[in-house]
Amino acid sequence: MINLILLGLPGAGKGTASERIVDKYHLTHISTGDMFREAMANKTKVGLEAKSYIDKGNLVPDEVTAKLVEERLSQPDIKEGYILDGFPRTTVQAELLEGITKRLKKPLTNVIALEVDEETLIKRLSARYMCKNCGATYNKISKQPKVEGTCDRCGGHEFYQREDDKPEVVKNRLEVNEKMNAPLKDFYQKKGLLTVINGKQTPEKVFEDIDAVLSNNQ
Ligand code: AMP
C-alpha cells in the first residue's frame, strides 16, 4: 500500500508527477486545488467560501480544507492508496491530517518533496494554462497539446489561464506557500517519511527518482 504526500511549491511539477504515479501505481489523486476549482465552478457552498481566498493567492481556512480532505479520503474508491497534492500546506494541516489518517486507518507511507528554485517556478506558472472543460494542465514552453488547440485528455477546445497564475497574484502565492514549506519538510523529516527530489529535472527523470522511492515500498 502506498499513501503518499507530494510536497512542492506551486509550479514544482506535482500535477505532472501525480499523473505518472497514478498510471503506474493506480493511486487515487487528491488535489485540494482541483477540488476547490471544481467547487467554485459548481458554485457550491465550499466553492463560494473558498473563492475570495483563492483569487488573492491566500490559503483557504484550515477547517474548510481539512473537512474537504477527510470527506474525500472516506470515499470507497481509494483502494490501492492515495496521493495528496496541495495538502497539507502547513504544519497545522499536517497535524489535522494525522487525526484524519488515524480515524480512517489510512496511514501515510511516504512524503516526497519536489524542489525547484523560485525563478523557475515563476517562469513555469506564467506559461501555464488549463483546459476549461477537464482542468488538464499545459505549458506554453514545455507541454503543448499534441494537436494544437485540442486538449489531449478530453478533446476540449477552450483553454484559460488560472486567475491565481497571473503575475500579480503569483508572487504573493509563492510567498505564502514558501513560508509554510520548510517547517512542513522538517515535520516529515523527523518522522522519517521524507525524500527530497530535484524538480528541475525533466519530467521523465523526476518520475524515475520518485519511482525508485515508491518501488521500495511494495
Ligand atoms: P493549488 O492548485 O494547489 O495551487 O491550489 C490553488 C489554491 O487553492 C491555493 O492558492 C489556495 O488558495 C487553495 N488551496 C489549495 N490547497 C489548499 C490547502 N491545503 N490549504 C489552504 N488552501 C488551499
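In listed order, ligands and their atoms are each counted from 1.
Within the structure, the closest approach of R37 to ligand 1 falls below 4.0 Å when heavy atoms are considered.
Remark: K67 does not engage E63 in a salt bridge, criterion side-chain N to carboxylate O under 4.0 Å.
Checking D211 against Y25 by side-chain atom types alone, a donor-acceptor pair falls below 3.5 Å.
In terms of protein heavy-atom proximity, atom 6 (C) of ligand 1 is nearest to R162 NH2, 3.5 Å. In terms of protein heavy atoms, atom 15 (C) of ligand 1 is closest to R89 NH1, 3.3 Å. The protein heavy atom nearest to atom 20 (N) of ligand 1 is Q93 NE2, 2.8 Å.
Neither the backbone nor the side chain of D34 has any atom closer than 4.0 Å to an atom of ligand 1 (non-hydrogen atoms only). When non-hydrogen atoms are compared, ligand 1 lies under 4.0 Å from the backbone of I54 as well as from its side chain.
In terms of heavy-atom proximity, H26 sits nearest to E80 at O-CB, 3.6 Å.
Interface atoms of ligand 1 facing G86, defined by a heavy-atom separation under 4.0 Å, are 16 (N), 17 (C), 18 (C), 19 (N). For ligand 1 and F87, the ligand atoms under 4.0 Å from any heavy atom of the residue are 19 (N).
In terms of polar-atom proximity, N58 is counted as a contact of ligand 1, with an N or O under 3.5 Å from an N or O of the ligand. Below 3.5 Å of separation, one finds an N or O of V60 facing an N or O of ligand 1.
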